[in-house]
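Working notes, beginning with the structure itself.
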Amino acid sequence: MACGAGVLKLIHRPAFAVLSRLSLVGKCQRTGALTSTVTWKQFSDDSSEQISRYPIPYKKDLPYDIVELMEEVETKGGFLPNVFKVLAHRPSEFRAFFAYYNDLMNKETGKLTKADRELIVVATSIHNRCLYCVVSHSALHRIYSKNPTLADQVIVNYENAQLSARERAMLDFALAICRSDTIKDSHFQALEAHGFDREDAWDIAAITSFFAMSNRLAHLTDMRPNTEFYSLGRVPRDKGKAGGEGRGEGD
């Protein structure tokens with residue numbers, strides 16, 4: 001099967017701008033009656049895997065715009081992240097979730113890199129004990145940073161990880177938001193000492209807050225990570241393979 005890095009790149013590239021159409025298309029699409037049968041034969045080779053305690057809808061019961069998005073993601077990446085399947089249980093919330101996700105994680109403004117954004121998700125998701133987000137966003141961080149070990153260090157103890165001073169200030173602020181600490185001017189000053197401004201602080205806080213919600217939905221649903229996530233970004237891709245099988249970090 002093609003490397004899953006392709007689907008991750010799709011999610012985090014402008015190609016995933018199809019998400020921006022979801023809210024508009026959703027206004028003219030049916031809500032879609034959901035089946036109680038927990039399977040996803042239309043999108044997955046393994047329908048026996050239990051990925052949520054809530055029903056996973058059949059493809060035929062979903063609105064067209066959501067099906068189109070899922071098919072595009074799986075076709076380009078080789079697998080469909082389980083979060084798509086699980087959140088499809090509520091199509092209107094699916095659209096809202098991924099539209100906001102896209103705005104937060106794909107924006108081109110500010111000083112946060114894609115790797116920065118993923119590291120914030122990893123650090124705050126481990127604090128919130130979210131298996132799905134820790135595993136999936138660690139994979140994304142490995143891909144964007146091309147560093148196969150830093151996310152693992154952050155998972156164990158970010159305060160002892162080999163972070164740059166800039167990254168440490170960023171995660172200190174994110175964890176303060178995550179813990180609902182009282183935010184003071186000193187928190188902003190610590191960020192500003194490393195080149196971040198107030199808009200960057202908002203971005204850090206917004207990512208932390210959004211994934212706090214995502215973490216808790218994962219707890220509610222008992223969302224399981226795809227097995228593909230565990231190995232992504234850990235070893236260099238084999239450039240000698242033909243076609244989709246060789247797709248990886250550089251694609």
(request) Could you tell me whether Arg198 and Glu192 make a salt bridge, using a distance below 4.0 angstrom between a side-chain N and a carboxylate O? (result) yes
(request) Output the distance between atom CG (Asn102) and atom CZ (Phe97), rounded to the nearest 0.5 Å. (result) 11.5 Å
(request) Taking the side chain as every heavy atom from C-beta outward, state whether Phe196 and Leu112 have any pair of such atoms under 4.5 Å apart. (result) yes
(message) Whether the side chain of Arg142 engages the backbone of Ala151 through a donor-acceptor N/O pair (distance < 3.5 Å, no angle test) should be reported.
(response) no
(request) Locate the shortest heavy-atom distance separating Ala115 from His141; write the atom from each residue and the value. (result) O-CD2, 3.2 Å
(message) Against Val122, only a single residue in Ile155, Leu171, Asp152 fulfils side-chain contact (heavy atoms from CB on, under 4.5 Å); can you say which?
(response) Ile155
(request) Check step by step if side chain to side chain donor-acceptor pair (under 3.5 Å) holds for Ser125 and Asn128. (result) CA-CA 5 Å; Ser125 294; Asn128 292 329; 5.7 Å; no
(message) Give me the atom names and distance for the closest heavy-atom approach of Leu150 to Ala161.
(response) CD1-CB, 4.3 Å
(request) Please collect all ring-ring contact (aromatic ring centres under 6.0 Å, His included) contacts where either partner lies in residues 102-122, sequence neighbours excluded, each pair once. (result) none
(message) Applying a strict under-4.5 Å side-chain criterion to I, L, V, M, F, W and Y, I'd like to know whether Ile143 and Tyr230 cluster together.
(response) yes
(request) Classify the ring geometry between Tyr101 and His137 as parallel (under 30°), tilted (30 to 60°) or perpendicular (over 60°). (result) tilted
(request) Flag yes if Leu175 and Ile183 sit in one hydrophobic cluster, no otherwise; membership is Ile, Leu, Val, Met, Phe, Trp, Tyr, and two members link when side-chain heavy atoms are under 4.5 Å apart. (result) yes
(request) Applying side chain to side chain contact (heavy atoms under 4.5 Å, CB included), run through Val154 and Leu163 and close with a yes or a no. (result) CA-CA 9 Å; Val154 169; Leu163 297 166; 4.1 Å; yes
(request) Can you measure from CZ (Arg216) to OG1 (Thr221) and round to the nearest 0.5 angstrom? (result) 13.5 Å
(request) For Ile51 and Val86, run side chain to side chain contact (heavy atoms under 4.5 Å, CB included): C-alpha distance rounded to whole Å, both residues' side-chain angles, the deciding distance at 0.1 Å, then the answer. (result) CA-CA 8 Å; Ile51 63 171; Val86 174; 4.1 Å; yes
(request) Could I get the full list of side-chain contact (heavy atoms from CB on, under 4.5 Å) partners for Ala190, not counting sequence neighbours? (result) none
(message) Ring-plane angle category for Phe98 and Phe84, please: parallel below 30°, perpendicular beyond 60°, tilted otherwise.
(response) parallel
(message) Whether the side chain of Gln153 engages the backbone of Gln162 through a donor-acceptor N/O pair (distance < 3.5 Å, no angle test) should be reported.
(response) yes
(request) Could you check if a side-chain atom of Pro81 sits within less than 4.5 angstrom of a side-chain atom of Ser136, using non-hydrogen atoms only? (result) no
(request) Return the minimal non-hydrogen interatomic distance between His194 and Ala169, and the atom names on each side. (result) CD2-CB, 3.4 Å
(request) Can you measure from CG (Leu217) to OH (Tyr132) and round to the nearest 0.5 angstrom? (result) 12.5 Å
(request) Scan Leu80, Thr75, Asp65 and name whichever one has a side-chain contact (heavy atoms from CB on, under 4.5 Å) with Met70. (result) Leu80
(request) Identify the two heavy atoms, one from Pro91 and one from Ala88, that lie closest to each other, and give their separation to 0.1 Å. (result) CD-O, 3.6 Å
(message) Nearest 0.5 angstrom please: His187 NE2 to Thr182 OG1, how far?
(response) 8.0 Å
(message) Please check this pair: side chain of Gln189 against backbone of Leu191, looking for a donor-acceptor N/O pair closer than 3.5 Å.
(response) no
(request) Decide, yes or no, whether a salt bridge links Lys111 with Asp203 under the criterion of side-chain N to carboxylate O below 4.0 Å. (result) no
(request) Test side chain to side chain contact (heavy atoms under 4.5 Å, CB included) on Phe229 and Leu232 and set out the steps. (result) CA-CA 5 Å; Phe229 282 126; Leu232 290 178; 4.0 Å; yes
(request) Specify the closest pair of heavy atoms between Pro55 and His89, including all atoms of both residues, with the distance to one decimal. (result) O-ND1, 3.3 Å
(message) Taking CG in Asn160 as the centre, count heavy atoms belonging to other residues, nucleotides or ligands within less than 6.0 Å. Is the count above 12?
(response) no
(message) The test is side chain to side chain donor-acceptor pair (under 3.5 Å); show your working for Asp172 and Tyr158 and say whether it passes.
(response) CA-CA 9 Å; Asp172 283 343; Tyr158 93 93; 2.6 Å; yes
(request) Please report the shortest heavy-atom distance between Gly110 and Asp200, naming the atom on each side. (result) CA-OD1, 3.5 Å
(request) Check for a donor-acceptor pair, side chain of Asp116 on one end and backbone N or O of Thr113 on the other, with a separation under 3.5 Å. (result) yes
(request) Start with the C-alpha gap between Arg224 and Leu131, add the side-chain angles, then the distance that decides, and say whether side chain to side chain contact (heavy atoms under 4.5 Å, CB included) holds. (result) CA-CA 7 Å; Arg224 301 279 105 180; Leu131 174 65; 3.9 Å; yes
(message) Applying a strict under-4.5 Å side-chain criterion to I, L, V, M, F, W and Y, I'd like to know whether Trp202 and Phe188 cluster together.
(response) no
(message) Could you check whether any side-chain N or O of Asp197 sits under 3.5 Å from a backbone N or O of Glu199, counting only pairs where one atom can act as donor and the other as acceptor?
(response) yes
